Student: 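Quick one: this structure, given as structure tokens, is what I'll be asking you about.
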Amino acid sequence: GKDASHKGGKIAGFEKESVNRGRAEKSRLKKEGMIKLKDILNEALKPYEIILQQLGGNRFVAMTGAKNLGTSTKKDLSFSIGRNAKKVTHVKITLTSADLYDVKFINARGPKIKVLKKVKGVYGDMLPKIFKKYTGMNVRL
């Protein structure tokens, strides 16, 4: 019922299992540090990548037929979409300074460009719902 307690790579003595296994060890602390590093790397995504993730990522692209994804200021994402009931051909989503999004639904046919709807102050988790409302297209199954 006793475990070997180690110090400096050598056995320092024997103690109860519960005491020995409850102590924070360097090997466990290193693993926790790696998890934190991974979280930091995920936060390093660019705003346009985050917008695409919030819409659904590659599944969104497959469901909507989104093409020509691009950015002009690195804080926005614009793309064209396939045919839909609301006649929207292009969408532009811009990150504002308040960490909210402004969304423009555009109909561009030839030389005519018409903004069909502007939605301001959209939270990230509301992007798929707003997209469905103004295009009629599902972003996921």
Side-chain angles (χ1 to χ4, degrees), residues 2-141:
K2 298 212 177 211
D3 270 355
S5 178
H6 293 82
K7 267 195 177 173
K10 297 181 180 180
I11 296 176
F14 294 92
E15 58 189 354
K16 288 183 182 178
E17 290 176 2
S18 60
V19 172
N20 189 33
R21 295 179 186 175
R23 185 176 304 115
E25 294 177 14
K26 285 183 181 178
S27 61
R28 277 199 296 259
L29 293 175
K30 284 181 185 175
K31 288 178 186 173
E32 289 173 8
M34 290 173 75
I35 292 169
K36 288 180 183 176
L37 179 63
K38 184 178 177 186
D39 292 339
I40 291 168
L41 291 174
N42 283 340
E43 289 177 18
L45 291 174
K46 298 185 176 46
Y48 57 89
E49 294 171 326
I50 293 170
I51 294 169
L52 185 59
Q53 271 188 350
Q54 288 173 333
L55 285 169
N58 289 335
R59 289 182 182 173
F60 168 79
V61 173
M63 286 292 291
T64 61
K67 295 180 281 218
N68 305 323
L69 281 83
T71 181
S72 58
T73 64
K74 304 230 187 237
K75 291 196 175 208
D76 68 343
L77 178 69
S78 55
F79 51 90
S80 60
I81 56 175
R83 286 184 153 196
N84 56 73
K86 311 284 180 152
K87 301 195 183 207
V88 175
T89 60
H90 294 77
V91 179
K92 183 170 185 174
I93 304 170
T94 307
L95 178 66
T96 64
S97 59
D99 278 344
L100 298 174
Y101 296 102
D102 292 343
V103 185
K104 284 185 190 176
F105 296 95
I106 302 164
N107 180 308
R109 296 282 181 211
K112 296 180 183 177
I113 296 174
K114 182 177 178 185
V115 177
L116 299 174
K117 185 69 179 175
K118 285 183 186 177
V119 184
K120 294 187 177 218
V122 177
Y123 289 98
D125 60 341
M126 293 172 54
L127 282 174
K129 185 177 179 182
I130 295 293
F131 185 85
K132 174 151 173 68
K133 181 176 181 180
Y134 293 106
T135 63
M137 300 174 87
N138 287 322
V139 297
R140 64 182 66 180
L141 288 174

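A quick note: this is a predicted structure, and the numbers were derived from the prediction, not measured.
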Student: Answer whether the closest heavy-atom distance between the side chains of L116 and K86 falls below 4.5 Å.
Tutor: no
Student: Atom CG of D3 and atom CD of E17: how far apart are they, to the nearest 0.5 Å?
Tutor: 5.0 Å
Student: Quick check: does any side chain N or O of T64 sit under 3.5 Å from a backbone N or O of I81, one acting as donor and the other as acceptor?
Tutor: no
Student: Considering non-hydrogen atoms only, spot the tightest contact between N68 and S80 and give its length.
Tutor: ND2-OG, 3.4 Å
Student: Please answer whether the main-chain N or O of V115 pairs with a side-chain N or O of N107 as donor and acceptor at a distance below 3.5 Å.
Tutor: no
Student: On the 0 to 90° scale, with breaks at 30° and 60°, tag the F105-F131 ring pair as parallel, tilted or perpendicular.
Tutor: tilted
Student: Return the minimal non-hydrogen interatomic distance between L95 and P47, and the atom names on each side.
Tutor: CD2-CB, 4.0 Å
Student: Which pair of non-hydrogen atoms, one from V103 and one from I93, has the smallest distance, and what is that distance?
Tutor: CG1-CG1, 4.0 Å
Student: In Å and rounded to the nearest 0.5 Å, what is the CG to CZ distance from L127 to F60?
Tutor: 9.0 Å
Student: Measuring from atom NZ of K114 to atom NE2 of H90, what distance do you get when rounded to the nearest 0.5 angstrom?
Tutor: 16.0 Å
Student: Can you name the closest pair of heavy atoms from K75 and I51 and give their distance?
Tutor: O-CD1, 4.4 Å
Student: To the closest 0.5 Å, what do you measure between CZ (R109) and NZ (K112)?
Tutor: 12.0 Å
Student: So, for M63 and V139, which heavy atoms are closest and what is the spacing to 0.1 Å?
Tutor: CG-O, 3.7 Å
Student: Using 0.5 Å steps for rounding, measure from the OG1 atom of T94 to the NZ atom of K104.
Tutor: 7.0 Å
Student: With a 4.5 Å heavy-atom cut-off, do Y101 and V119 have their side chains touching?
Tutor: no
Student: Run through L52, L55, V61 and flag the one making a side chain to side chain contact (heavy atoms under 4.5 Å, CB included) with F79.
Tutor: L55
Student: Grab the two heavy atoms, one from V88 and one from N84, that are nearest each other, plus how far apart they are.
Tutor: O-ND2, 2.7 Å
Student: Going from CE on M126 to CD on Q54, what distance comes out if it is rounded to the nearest 0.5 angstrom?
Tutor: 12.0 Å
